Amino acid sequence: MTMSSAKIECVLRENWRCGESPVWEEASNSLLFVDIPAKKVCRWDSLSKQVQQVTVDAPVSSVALRQSGGYVATVGTKFCALNWEDQSAVVLATVDKDKKSNRFNDGKVDPAGRYFAGTMAEETAPAVLERHQGSLYSLFPDHHVEKYFDQVDISNGLDWSLDHKIFYYIDSLSYSVDAFDYDLQTGKISNRRSVYKLEKEEQIPDGMCIDVEGKLWVACYNGGRVIRLDPETGKRLQTVKLPVVKTTSCCFGGKDYSEMYVTSARDGMDPEGLLQQPEAGGIFKITGLGVKGIPPYPYAG
């Protein structure tokens, strides 16, 4: 299909250093997201166009809705509960205690209300880091943590198939979108396989989300695009190019989840690049994709 119908608009030109983890909150018509190195959790009201932010005490890499109110976030190597009203963060669990230079990266809640998130070594420059230091974890509703596997480079995009039987996952430096068999009752994963290998110009796979047709959308860091994949055939179905190169993640939101929101970064860009891409670090809205997403799941604990 052609892309002529898609419209891309920069809805928030605040030039975040590394915008990530966009999540739509239907109740407030808002987009939640984080700026990792700035240690900020942000909430953009799509009606008033105002941004509120909460600053935490370590790099914050993902945020998610919480069933009982407020939010959960991954801060440093901690799963935290976030109270927006008094701007407090309460630690629910800590991981990677033996790895002082690690931090969480991307995270998302599964259909049963578990908060999945993986770690990585702290970068010396964007995508430059000690390899194989990360692991994938899940915070269960009773606040206990399960570890799934280690040897991860940059734990990134994640989502679940519409029938909840497959878990999709990206370790960025493998340049692959992987799938696992998924047991929703237990949260167990097995049978890892690659469903899509990125092409050279697509660069580094970053954040990811699923649409109502079961196709995956992947933001390509340094690739300036989001791509739509069919995980069953391994084919790329669509490419949407953005006016910034460091596209980091994507989610559906807005009315009926028919809009796509894309976060981006400016850290690691030289002055010339920033001049050529004045919207780098902005938040983008894509309309007219012709497909909708599904609402995010809230953390059940």
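Quick note: numbers below take in every heavy atom, side chains included, and nothing from hydrogens, waters or symmetry partners. Every value quoted in this text rests on a predicted model; they were computed, and no experiment measured them.
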Judged by modelled atom types alone, do [X] and [Y] share a side-chain donor-acceptor pair under 3.5 Å?
X: S62; Y: Y115; answer: yes
X: D256; Y: S258; answer: no
X: T263; Y: T248; answer: yes
X: Y261; Y: E259; answer: yes
X: D96; Y: Y137; answer: yes
X: Y71; Y: E25; answer: yes

I'd like to know whether N105 forms a side chain to side chain donor-acceptor pair (under 3.5 Å) with R103, so could you lay out the CA-CA distance, the side-chain angles of the two residues, the decisive distance to 0.1 Å, and finally the verdict.
CA-CA 7 Å; N105 201 37; R103 67 162 172 83; 3.1 Å; yes

Hey, could you give me the CD1/CG distance between I189 and L136, rounded to the nearest 0.5 Å?
5.5 Å

Starting at CD of Q277, measure out to NZ of K246 and round the result to the nearest 0.5 Å.
9.0 Å

With S30, which residues qualify under side-chain hydrogen bond (donor to acceptor under 3.5 Å, both in side chains), at least two apart?
S28

For Q53, give me all partners under side-chain hydrogen bond (donor to acceptor under 3.5 Å, both in side chains), at least two apart in sequence or on another chain.
none

Would you call [X] and [Y] a salt bridge, taking side-chain N to carboxylate O under 4.0 Å as the test?
X: D178; Y: R192; answer: yes
X: D110; Y: R114; answer: yes
X: R228; Y: E213; answer: yes

A quick test of your reading: do over 12 heavy atoms of other residues, nucleotides or ligands sit less than 6.0 Å from [atom1] of [X]?
X: K197; atom1: NZ; result: yes
X: E232; atom1: CD; result: no
X: D57; atom1: CG; result: no

Can you name the one residue among Y169, F79, F167 that meets ring-ring contact (aromatic ring centres under 6.0 Å, His included) with F116?
F167

